[in-house]
Each structure stands twice: as C-alpha cells, then as structure tokens.
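Let me begin by presenting the structure, written as structure tokens, before commenting on it.
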Amino acid sequence: MSGNLVAIFYARHAGFGAKPAILWNDAPVVDHAGLPATVGRYRAALAALGVRRGDRVMVKTENSPAFIYTYLAVLASGAIFVPMNAAYTAAEVALLIEDAEPALLVHAATTPVPDEAAAPVKRATLEPDGTGSLPDLAATLEPDLTVEPVADGDLAAILFTSGTTGRSKGAMLSHGNLSSNVAALHEAWHFSPDDSILHALPLFHAHGLFVALHLALYNACALVMLPKFNAAEVIARLGRVSVFMGVPTYYARLLADAAFDRAACASIRLFVSGSAPLLPSVFDAFAARTGHRILERYGMTEAVMITSNRYEQAGRIAGTVGFPLPGVSLNIVGAERRPLPPGEVGEIEIRGPNLCAGYWRRPEATAESFHADGCFRTGDTGFKDAEGRVSIVGRSKDLIISGGFNVYPAEVEIPLAEVEGVVDVAVFGVPHPDFGEAVVAAVTVDRAD
Ligand code: AMP
C-alpha cells in the first residue's frame, strides 16, 4: 500500500460510512462518510492561509477532534505536520520555529508560544474545545476533497525529540514510513472494523498519533477520544471499547483505583503498553486483577513501532518486547558492530521501511545515528533469546523516561546552570513508582555568602 496516508485511510472506510469515526465528550462528532468533508474544510483553510505542498505546519495544542482534522488536512495538502509537546516553553518553541521554518503555527491561545517579534510566523488558533481562528475559517469554506498525490518517500511529519546536547532533532517521517508501520500493526494486533479504541494518549506524541490514531483510521474503528489520561474517566469508558493503549504509568494508575476490576474490562480484547519499560510486577498485578495479559511493544519516534509481543495470550510475556515487526530487522551488536549471540547484551540496531530518513537539517546528527548501510543506532541496549525474542535492559543514550516522556539530562542541566550561584549540575534518573523514572539534579552551589 503506497501513496498519501490520508488516501489510504479513506479508501479503507468504504462500506463503513455510517460508523462514527470520533466520539468526543461521549458523543459521535463525525462518521467515516463525513470525515473527508470535515478534513476538506480544514484543507481549504490551510490553503487560504498560504500552506502549500512541502510546507511545515507546526501545531501546539491539546487533544481534540479538530487536532485530528488539522493533522489529516496537513497530510492531504502534501504539507508536513510538526506537532509540539503542549508543555514546551515559549523559548523552546522559538528555537523549533527557527529550525523548522513553518509556513503556519497553529496554537491554543493559552499555550506558551513566543511573540511575533521573537518568532515572526503566520499564526492561527485552535483551542482544546475545538474553537479558534482555524476552525472558524474552515467553517466558512467549501471543502477541498482532493488529496495531494505523494511518493512513499515524501515527508508526512517531523517530530522533534530533544538531543543530548539540549538541541532538539526533528525525526523526518515519510508517508511510506507511516503506512508500512500501521499495516504491520494492523496484522500483528488483529485489528478489524469491529474494534473501537479508547484514546487517552497525547496526540502530539508518536504513540498517540501514529499508533492509536492511525490504527483507528486504518480500520474504520470508532475512536473514543479523551482530552488526557485520567484513571476514573478511562475506567468509566473501558466497557464501551475493545482496545486500550497506554504508557506503563497509565496501567499503574488504573491498578491504584479500586474501581478497576474484571467487570470494567469486560469488552476489551487488547491492552497495549509501550514508550517505557512495563514492570513485570505491574504486568502480573494487572493479569491477576483483570485476567488480561498486557501486550508490550517497543518503539521510538524515529521508527514508530519496532517490535511487539505475539498477540496470543501466551505470547504476551512480561519483561520482553517480543519480535521485530514484519519487514523490520533488529540486530544486537557489540564493539565494532560485532553481532552478538542470544543472551548477550549489546546495542540495538534496526533497519526497515518504518525507519525515518534522518534528522531535519542535522546532517551531523544523522551521520552519528545512521550507519552507511542504513542501520540506525537506537541507543537502547538489550538481548535476544534463542527464539529471537527481544528484551530491553537499558540505554546507552543519555535519556530519562518519565511517565512515557523523554527527558534528556542536558535539557534540565542547561537552564539549571544558568541559575545564579549554580557552579555545576548533573541530572539523572532514579526509579519512581508512578512515573517509572523521576528526574533528579545534583547541584554544586557557590556559597560565597
Ligand atoms: P520516544 O521516541 O519518545 O517514543 O521514546 C523512545 C524510547 O523509549 C526508546 O528508545 C526506548 O528507550 C524507550 N521505550 C519505548 N518502548 C519501550 C519498552 N517497551 N520498553 C523499554 N523502553 C521502551
């Protein structure tokens, strides 16, 4: 399957037109037959604002159906979607604007963004409640139902991940990267139009955007969308869906709620966890409470999903991330890239149709992470068992994962070092019962007083 991801989604919706595509505040807001016209109005609005094929559109707002329409409209225009963590500061956004040079910044009025003088770029607003200048403009326009033809290698999105030097790197993901990955997940996790997904992940992150949303759109599922994760809100809705995806923190928080039991998950066929290691103790407690074995998978922004445990209950094993997805090759290597035998721990290298083309305007960072043969150095360490099943044991990259979000020590060290009186600072991760890892800074201060 190749071409524009949006055209791929629409082609798969034939015959499911009357099914709700998105539910928000527990009510259907658009069905699959109506989705192209709604997205088409946003496409027309983007064009009216000057967005052309190949342009970057930066989006900094919270989950909402309009976030999804904007995303699909950017892709349908042949433009490149650049989502940003809603928590980024104005100074961080200014750096990303300088780097990505977007034709348009779509943001919520309440979210921090730099002012016009610091970052001159055309802007439109999109509030978490779905209001704003972009939806207002879209509502006045005739839908543009066309979908720009693209080649598999054409960029669909750039997702910024922070770097070890504190400078963000934009992973360049193509339509082909994303369509091959959703097709592989569809097979691996037995998806069908009978499924409905409860979506509480942030849409600005690869997990929420490329895994949960894409699977729903690829399968004409109903997507029950939440603004964010909240254990009670999730428990109240689990009985209406068949699939839930989350980071390990979500599972620990569900278990902490006494209302979470077997009856609450009666309609569920699949719980998926990823973005950080799922503790075997959480896996076991979850199985004991609900009868469900959580299916753990491994991925990263640069390659979306890489491995998955087998779908069958017995194949969902605690402490492993399973096997490489079809088409993905994964090697464990030692010094000088020597392939290591089963059981030996080394660096994880990958290659496949899911792997991004490199980092936006960062040839030196791209050269550091990609070998000449196209293999990518993940910075994660792990081993394979005799059957080829992968376990992750740590990271060679300097990274803390807190609640599923990546924190690079340099991101915290650089601003801390600027605080008056701070002489030296080192930031590291420590185990945390809820977030998996917490961020701790050791600081030397000048006590001249
Ligand atoms: P991100 O780019 O934010 O998706 O973060 C990717 C990183 O999260 C990977 O390089 C791993 O270090 C980590 N990660 C993702 N999934 C898992 C998992 N199932 N187990 C352990 N670490 C994981």
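Just so it is clear, the values below take in all heavy atoms, side chains as well, and ignore hydrogens, waters and symmetry mates. The chain is numbered in sequence order, starting from 1. Start at 1 and go down the list; that is how both ligands and their atoms are numbered.
- Contact analysis leaves H207 out of contact with ligand 1, as no non-hydrogen atom separation drops below 4.0 angstrom.
- Side-chain contact, T161 with K169: no donor N or O sits under 3.5 Å from an acceptor N or O.
- Taking distance alone, with nitrogen or oxygen atoms compared against 3.5 Å, Y298 stays at or beyond that limit from ligand 1.
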Set out, in order, the CA-CA distance, both residues' side-chain angles and the distance that settles side-chain hydrogen bond (donor to acceptor under 3.5 Å, both in side chains) for S180 and N354, then state yes or no.
CA-CA 6 Å; S180 69; N354 53 329; 5.9 Å; no
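- Ionic pairing of E312 and R310 is not present here: no N-O contact between side-chain nitrogen and carboxylate oxygen is shorter than 4.0 angstrom.
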Evaluate side-chain hydrogen bond (donor to acceptor under 3.5 Å, both in side chains) for H207 paired with S275, printing each intermediate quantity in order.
CA-CA 7 Å; H207 195 169; S275 293; 3.0 Å; yes
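- Taking the centre and axis of the six-membered ring of F191, the NZ or CZ atom of R269 falls inside the cone set by 45° and 6.0 Å.
- Once rounded to the nearest 0.5 Å, the distance linking OG1 of T61 with CG of L203 reads 10.0 Å.
- The ligand atoms of ligand 1 that sit less than 4.0 angstrom from a heavy atom of H205 are 3 (O), 4 (O).
- Look at T161 and you'll find every heavy atom at least 4.0 Å from all atoms of ligand 1.
- Residue E296 approaches ligand 1 through these ligand atoms, each under 4.0 Å from one of its heavy atoms: 18 (C), 19 (N), 20 (N).
- No close placement of the H214 and Y218 rings is indicated, their centers lying 6.0 Å or farther apart.
- Between atom CD1 of residue I306 and atom CZ of residue F323 there is a gap of 16.0 Å, rounded to the nearest 0.5 Å.
- The protein atom (non-hydrogen) at minimum distance from atom 13 (C) of ligand 1 is I401 CD1, 3.3 Å.
- Considering both main-chain and side-chain atoms, K397 comes within under 3.5 Å of ligand 1 through a nitrogen or oxygen pair.
- Of the protein's non-hydrogen atoms, D380 OD2, 3.3 Å is the one closest to atom 9 (C) of ligand 1.
- Of all protein heavy atoms, the one lying nearest to atom 17 (C) of ligand 1 is A276 N, 3.7 Å.
- Residue S275 places a heavy atom under 4.0 Å from ligand 1.
- Residue-ligand proximity, T301 to ligand 1, at heavy-atom distances under 4.0 Å covers atoms 1 (P), 2 (O), 3 (O), 4 (O).
- Nearest non-hydrogen protein atom to atom 5 (O) of ligand 1 is N406 ND2, 3.2 Å.
- Considering only non-hydrogen protein atoms, atom 21 (C) of ligand 1 sits nearest to P277 N, 3.4 Å.
- When each of R395, R338, R337, R377 is paired with E347, the salt bridge (charged side-chain N to carboxylate O under 4.0 Å, His left out) condition holds for R377 and for no other.
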